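FYI, the numbering just counts along the sequence from 1. In this text, all values refer to a predicted model and were calculated from it rather than measured experimentally.
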Amino acid sequence: MYFEFDGPPLDVGRLTDAVEQVQMRHPLLRARFDDADDARVLPHPLGGLRRETRPLDDVRADMAATHPVLTGKGGLDVRVSDLPVGGSRLHVSVALIAADPPSMRTVLADLQVAYAGRLSDAAPEFDFAASVAERRTEAEPGPAPQRLPSAPRLPWAAAAEETCGARFTRHTLPVTEEVMVRLARRADREGIEAPDLLFAAFAHTVERWSEGGDCVINVPRFERPAEAEGVVGDFSRLTAAAVCLSTADSLRQLIGAASSALHDTGPSVQDLVAWGRERGVTTGPLGAVFTTLDQAWAPKAFTDTFGPLSWMISQTPQVYLDCLAFPEADGGVRRMVWDVVEDVLPPPVVKAMAEYCAAVLRELADGDWEGPAVLPLPAGQWHARQRANSTFVPTPDELLHEAFFAHARADGGAPALLGDRGRWSRAELARAALRTASLLADRGLTTGDPVGVCLEEGVDQIQAVLGVLAAGGCYVPISPEQPVERRRSVLKQAGARFVLCDDALVAESEGEDFTQDVREDSPAPDVPADVPLFYLPLSLAARAEPLERPVAVAPLCPAYIIFTSGSTGRPKGVEISHRSALNSVHDLNRRWDVGPGDRCLPVSALDFDLSVYEIFGPLSAGGAVVVATPDQRRDPAAWLRLMNEHDVTVWDSVPVLLDLLLAQAEEDGAPHALRLVLTGGDWVPLDLPGRLHALLPEARFVACGGATEGSIYSNWFEVDAVAEGWTSVPYGYPLANQQYRVVDSAGRDCPNLVPGELWIGGIGVATGYRNDEQRTRESFVTVAGQRWYRTGDLGRYLPGGVLEFLGRMDHQVKIHGYRIELGEIESVLAGHPHVTRAVALVAGDGTARRLVAYLQPQDGQMDTDAVAAHAGKWLPEYALPEEYLLLPELPLNQNGKVDRKKLAAWAAPNERAEADEPLRDGMESDVADLWSTLLGRAVTARNVDFYSLGGNSLLSMRLTRSISKTFGVDVTLRQVQRAPTVADLTRLIENATKGRAV
């Protein structure tokens, strides 16, 4: 601890003698410390008084940052300077390893007595070394609790482990002396000790700014034996006060919980470290410290001689936030100061924490203790969020499809759909949709009824969804590639009675026990909605008489139900109303001037909610949709050709598909008309904005985010240039009529830079999960009259009300834009009769991320191919593990849970030797070279499977592009995926080459 006292001129000779006397009286002040447990007391003083001639600021900077033990001064370093206005400044630095805070008062008291010439030569008789040994024996840690409390996780500027003990900066809390006097009186009236209130305010502030809330605060306890009166030494015991305040409903409950933690005598910091070592984990520095003193640092006689304390600072190693509560003079009221390592805690964070802590102290002094325990955020943060969430615009009172049909009536000849299948005018598309609506209405579709749409062709999909909406129903998109069992589960949960599909699916469905006759003359079913299911081929609509106009429904009626992965193994059907969906569509169009001249190329699957904007964004604005064929939908070269042929101006996709488009454009040239890029649904890599602007300097790059439950997108951030220090593109700000909160586990708003769960509010919030009240209650909550969706995503607020996305809180992951519940995969795998337990996780980084499943067999052995086949019946293709690994037992972490981090580390790319036929010379070697470049490993066998080596759908797309560039042939992604070995792929390329030659 470093002190400065400004007072009258000092007699340097007398002061030199006094310093040496004090060192000789107290052995630890003349000891060398080789480590914390080894003090070598020397028979002579370690350095005397030093007279400083350097500028005062230089002396302060030197002594405040330098520990006396490290400079060979032992436990005490005393210097003196002349003040410019006359008088002297006494600089005193005392090492905590030699003297705890009460001992520091003894050092200063003895220094004054020695300066006055009255210090006795007889040192106190006390065996400090024996006392230390006895305390160590008594301090053996007991049994560890099941869950170890953790150090605070504050918004670091740098790793606390690397910078603890660096230069401190003092912060005095903005609380007047009058408030502290009232606080002391309030404590006296309530029958508690004043330090308890100070600790409550500090601890509550720390846990409020700590990710995860509850944490440990280091509380020194000075357990000096009675016979050690007047002895200088470190008698402190560092206890780990477990702060559990997040569940307190009132100030009184908060005070009670904080008081219990403060007065709890165990465990010690050393105990936590020992328990962590036993479990192979690092506790990290418990660097938030609360120290309270009953007396001033220096007695009155000392300050009368050397002047009042004018400045002081901590020098404590392994500490980054040192809260000190002490009276400035004996008998005075305590003040609270913080000494902070600003290399660890950024100044804006400290300022906000100090402002909040001061507000808590004022509330404790004057407020109602039965009132809420949680105070509002600091004013600057609160106002910034209010501004960001003030997004009100007039609510759309229309239907999702209504504007398209209005445009068709106003100008039916304008294009609506373009592509290799030809041109569809607005009138042609509207008429086809109204025929589809008639087909459904004739069979008894009623308002709000869900209709499955299970079609592959893009034009058919758009006709079908418009037809369903025009009939007053809501569409339920289902990929034709979905497994039969999952398709059944989705349709049953949705309560669908009809499925619009192609003739092939009708034929495939024959014989299913829930499939009804789909002949054109089938009567309308007169049975409950969850019993019959009609597979209606879309071709039947061609012979239906179109409805005169779309059926009118209320804007709050459902427009679509999109099913996402569910942790219980059962998919969740997100039900979105017309008003919710149209709110997002309108705002995106309004912000970026999407209008009649714009065209968009949809590349998202119909059962992925980005498709809603890709279809209805341009159509509702009077623009057109450029439709790719199924084979073109994953072919970047085809995208680029279609975009140039049809003047596509708007792109909307997940980042991984945008990456592929840019890569293709970097080789073949930019799409000439593209002016707006929207991307979201997953992490947005920092290189994407720069790559777009290098190709198209005037194009606008907008990163979006949200959740299916928030209606397509809920937030936006336009990027002109990537700022220094970004680790990802910010989430940004809410869209119109939408709001965000970042909330901790207790439902409190997290301060800036503190991670918490992202909550979405406003018009975009889904109605709920279809026919699933329990999961709807769990995920959709109402607070103060406003409904919120709990996303399960982790995020935080940056200064200025800007949101940042940090990932998932639970076992849900996103791979290439698809949200996947690992729990659903695990539930399906555990349903196999030979699986005792299953764990699914994501292994690898970047484009090499892949799903891996660990299986614990029933009897020690298992046919993984059979398990994979079982999974294929229930899971969509994007959620199928790429590798199955067997373990007799699953590893557990310190809390007795499955150690997923360890399993992810074990799931390295498969390096098993392939006892296989070697490559043949020629094209096979060239193909293997392409594989090696993409996979980052040598490929030496001709029959090895691309996906067993770590390949995935994204790498398949890149491989398709590389084949076109290397061999000059055009192959589709599907063809490449159906040729999984080097030998198969070589045959495919050779056949394509022959076809081109012909």
For [X] against [Y], the heavy-atom pair lying closest together:
X    : Y    : value
R633 : A628 : NH2-O, 3.8 Å
L606 : I615 : CD1-CD1, 3.9 Å
Y713 : G680 : OH-N, 3.6 Å
R700 : E718 : NE-OE2, 2.8 Å
G801 : A384 : N-CB, 3.9 Å
V684 : A703 : CG2-CB, 4.1 Å

For P555, side-chain contact (heavy atoms from CB on, under 4.5 Å) partners two or more places apart: D397, R579
Got more than 12 heavy atoms from elsewhere within 6.0 Å of CZ, R549?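 It does not: R549 CZ has 12 such atoms or fewer within range.
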Ignoring hydrogens and geometry, is there a side-chain-to-backbone donor-acceptor pair from [X] to [Y] under 3.5 Å?
X    : Y    : result
H672 : D647 : no
R426 : A406 : no
T679 : S653 : yes
R599 : H646 : yes
D587 : A736 : yes
S611 : D607 : no
S964 : D970 : no
T391 : Q738 : yes
Q461 : L455 : yes
N389 : Y740 : yes

Min side-chain heavy-atom separation [X]-[Y] under 4.5 Å:
X    : Y    : answer
S956 : R634 : no
L676 : V702 : yes
L678 : W651 : no
W639 : L657 : yes
I576 : T767 : no
V594 : L588 : no
L640 : L661 : yes
N583 : T395 : no

Identify the residue among T564, V654, I562, V603 that makes a side chain to side chain contact (heavy atoms under 4.5 Å, CB included) with F608.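 By the side chain to side chain contact (heavy atoms under 4.5 Å, CB included) criterion, F608 pairs with just one of T564, V654, I562, V603: V654.
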Quick one, R741 with W788, criterion side-chain contact (heavy atoms from CB on, under 4.5 Å). Give me CA distance, side-chain angles, the key distance, then yes/no. CA-CA 9 Å; R741 292 179 67 194; W788 298 89; 3.4 Å; yes
Identify, with sequence neighbours excluded, every residue that meets salt bridge (charged side-chain N to carboxylate O under 4.0 Å, His left out) alongside E428.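 Partners of E428 by the salt bridge (charged side-chain N to carboxylate O under 4.0 Å, His left out) criterion come out as none, since no residue qualifies.
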Would you say the side-chain atoms of [X] and [Y] include a donor-acceptor pair closer than 3.5 Å?
X    : Y    : result
W759 : E757 : yes
E709 : T791 : no
Q482 : S479 : no

Take D635 and R641, measure what salt bridge (Lys or Arg N to Asp or Glu O under 4.0 Å) needs, and give me the verdict at the end. CA-CA 10 Å; D635 184 350; R641 177 180 62 80; over 6 Å; no
[atom1]/[X] to [atom2]/[Y] distance, rounded to the nearest 0.5 angstrom?
X    : Y    : atom1 : atom2 : value
C704 : D652 : SG    : CG    : 7.0 Å
Y613 : S711 : OH    : OG    : 15.0 Å
H578 : L469 : NE2   : CG    : 5.0 Å
S580 : Y560 : OG    : OH    : 8.0 Å
N589 : D598 : CG    : CG    : 8.0 Å
L758 : D793 : CG    : CG    : 6.0 Å

Carefully, step by step, assess L500 and V451 under the rule side-chain contact (heavy atoms from CB on, under 4.5 Å). CA-CA 7 Å; L500 292 174; V451 177; 4.1 Å; yes
Assess the residue pair R421 and E457 against the criterion (salt bridge (Lys or Arg N to Asp or Glu O under 4.0 Å)); give the C-alpha distance rounded to whole Å, side-chain angles, the decisive distance to 0.1 Å, and a yes or no. CA-CA 10 Å; R421 278 186 57 179; E457 184 62 53; 3.8 Å; yes
Can you classify the ring geometry of F805 versus Y731 as parallel (below 30°), tilted (30 to 60°) or perpendicular (above 60°)? parallel
L930/K965 under side-chain contact (heavy atoms from CB on, under 4.5 Å): CA gap, chis, key distance, verdict: CA-CA 11 Å; L930 292 182; K965 181 179 179 182; over 6 Å; no
With ring centroids as reference points, do W726 and F717 lie under 6.0 angstrom apart?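 That pair passes the under 6.0 Å test.
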Could you go through the side-chain contact (heavy atoms from CB on, under 4.5 Å) check for V802 and E804 one step at a time? CA-CA 7 Å; V802 180; E804 182 180 26; over 6 Å; no
